[in-house]
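Below you'll find the structure, written out as C-alpha cells, and then a few comments.
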2 protein chains.
Amino acid sequence: MENQNISDIIESYLKQILADSQQVEIRRAEIANQFNVVPSQINYVIKTRFTIQDGYVVESKRGGGGYIRIEKVKLLDNLDFIDSLVAAVGDQITRHDGLAIVRSLFEAGAINRRESNIILAAIDKTAINTGNVEVDERLRAQILISILNHLRYES
Amino acid sequence: MENQNISDIIESYLKQILADSQQVEIRRAEIANQFNVVPSQINYVIKTRFTIQDGYVVESKRGGGGYIRIEKVKLLDNLDFIDSLVAAVGDQITRHDGLAIVRSLFEAGAINRRESNIILAAIDKTAINTGNVEVDERLRAQILISILNHLRYES
DNA sequence: AGTTTCTTGACTAATGTTGACTAATATTAT
DNA sequence: ATAATATTAGTCAACATTAGTCAAGAAACT
C-alpha cells in the first residue's frame with residue numbers, strides 16, 4: 001500500500017478524476033512533468049491500465065494543442081455487451097487482461113463478487129499453467145469465451 | 001519451540017504481524033535481508049506455512065514497487081467436504097466425473113445453480129479441447145481444484 | 001540408512017523506468 | 001500555397017527492479 005510505484009500513482013490520479021467525470025483530457029508533457037517522469041511513461045501507464053478490457057477508450061492528437069483523452073466506455077448501454085467482451089478476449093488473452101474482463105463483467109453488474117472469484121479461479125496461474133505461455137493464453141481465452149457465452153443465456 | 005529453524009522464525013514473525021492485522025505486505029528482499037537468508041527462502045516459508053488450508057491467500061507483484069501480500073481469510077465450515085472433492089478430482093478428471101463433482105457441490109449447497117453453470121462452462125468441451133484427452137483431463141483437474149480452493153473461504 | 005524438511009543459489013519471468021528516435025499536427029515564414 | 005519550424009504524442013529497445021521456479025545439497029528426523 002505504501003510502496004506504490006509511480007505508475008500506480010499516476011493511474012490513481014487519473015482514475016480519481018474519472019470517478020467524477022466521463023472523460024479526462026491531459027497534455028502528456030504536463031502530467032509527466034507534474035509527476036517527474038519521462039513523457040513516455042504516461043504512454044506506459046495508459047497502455048497497461050486503461051485498456052478496452054478495463055473499459056476505457058483512449059484518443060489522442062499530436063502537434064500544437066495536442067492531447068490524450070481517456071474516456072470511460074458505458075458497457076451497460078451496449079446491447080452487445082457480451083459480444084464486445086468476447087471480441088476483447090479474442091483468440092488468446094493474458095492473465096492481466098483476463099482479470100480486466102472479469103472486472104468489467106462485475107462492474108457492469110453481469111456477475112456478482114462470488115461469481116467473479118469463481119471465474120478468476122478458473123483462469124489464474126494455478127489453474128492454467130502448461131509451461132507454454134501461448135498455450136496458456138489460448139486456453140484462458142477459450143474458457144472465458146465459454147463462460148461468457150453461458151452468461152448470455154442466463155442473464 | 002526450542003529448536004526453531006529460520007523458516008519457523010520467519011513464519012512466527014509474519015504471523016505475529018497478522019495477529020494484529022488482516023494482512024501483511026512485504027518486500028521479499030527486505031525480509032530476506034532482515035533474517036539473513038536468500039530471497040527464495042521467503043517463497044519456501046510462504047509455500048509451506050501460508051497455504052489456503054491454513055487460511056491464507058497470497059498475492060504478489062514483481063517489478064518496481066513489487067510486493068508479497070499475505071491475507072488472512074475466513075475459512076468456511078465445509079473444509080472436509082472440499083478436501084474430499086479435491087482428493088476425488090486428483091491429477092486428472094473426465095468431463096463426466098467433473099460434472100459429478102459440480103453436482104455434489106450444488107447438492108451440498110456450496111454453490112447455487114448459476115455458479116454451477118459457470119463452473120461447467122469452464123470445464124466443458126467448448127472450453128477445454130486441446131485435441132489430447134489426457135491433457136484435457138489434467139487441465140480440467142487443475143481448474144476444478146483451483147475453484148474448489150476458492151470455495152474454502154469467503155471473499 | 002532412509003525420508004522428509006530446510007537452505008541455497010542459479011536461472012527465469014514479470015513489471016516498471018528511461019531516453020533516443022519517429023510521426024503527426026499546427027504555426028510561421030516565404 | 002508551400003516550405004520550414006515548432007510543438008505535440010508514439011514506439012521501441014535497453015536497463016532496472018522486483019518476485020518465482022527448480023534442483024542440488026545439507027540438516028534433521030524417523
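The sequence lines fix the lettering, A, B, ..., with proteins before strands; numbering per chain opens at 1. A quick note: this is a predicted structure, and the numbers were derived from the prediction, not measured.
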Hey, does [X] reach any base, or is it just sugar-phosphate, or nothing, if we go heavy atoms under 4.0 Å?
X     : value
A/R69 : nothing
A/R95 : nothing
B/N43 : base
A/T48 : nothing

Kindly point out which of C/dG16, C/dT8, D/dG20 is positioned nearest to the side chain of B/Q41?
->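 Minimum distance to the B/Q41 side chain belongs to C/dT8.
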Tell me: [atom1] of [X] to [atom2] of [N], nearest whole Å?
X     : N      : atom1 : atom2 : result
B/I10 : C/dT5  : CD1   : P     : 18 Å
A/Q4  : D/dT18 : CD    : P     : 15 Å
B/I6  : C/dG9  : CD1   : P     : 14 Å
A/N5  : C/dG16 : CG    : P     : 5 Å
B/I31 : C/dT7  : CD1   : P     : 16 Å
B/I68 : D/dG20 : CD1   : C1'   : 9 Å
A/Y44 : D/dA14 : OH    : P     : 17 Å
B/I26 : D/dG20 : CD1   : C1'   : 13 Å

Cationic N near anionic O, under 4.0 Å, B/D136 to B/K125 = no
[X] and [Y]: which non-hydrogen atoms are nearest, and at how many Å?
X      : Y      : value
B/V102 : B/I111 : O-CD1, 4.0 Å
B/I52  : B/Y153 : CD1-CD2, 3.1 Å
B/S146 : A/A127 : CB-CB, 3.7 Å
A/I9   : A/Q4   : CG1-OE1, 3.8 Å

So which one's nearest nucleotide on DNA chain C is more toward 5', A/V37 or B/S7?
->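 Its nucleotide being nearer the 5' end, the pick is B/S7.
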Whichever of A/V38 and B/G63 has its nearest DNA chain C nucleotide further upstream toward 5' |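 In this pair, the answer is B/G63.
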May I ask you to verify whether the side chain of B/R62 and the base of D/dG20 hold a donor-acceptor pair under 3.5 Å?
->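 Flag unset: no donor-acceptor pair detected.
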Go through the N and O atoms of the side chain of B/S40 and the base of C/dG9, and report whether any donor-acceptor pair is under 3.5 Å.
-> yes
Report yes or no: do [X] and [Y] form a side-chain donor-acceptor pair below 3.5 Å?
X      : Y      : result
A/N43  : A/R28  : yes
A/R152 : A/N149 : yes
B/D54  : B/T51  : yes

Give a yes/no on whether any side-chain N or O of B/K61 is located under 4.0 angstrom from OP1 or OP2 of C/dG16.
-> yes
Side-chain N,O (B/R27) to OP1/OP2 (D/dT18) below 4.0 Å |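 Yes, because at least one side-chain N or O of B/R27 sits under 4.0 Å from OP1 or OP2 of D/dT18.
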To the nearest 10 degrees, the angle between the two end axes of the helix from C/dA1-D/dT30 to C/dT30-D/dA1 (five pairs per end) comes to 10°
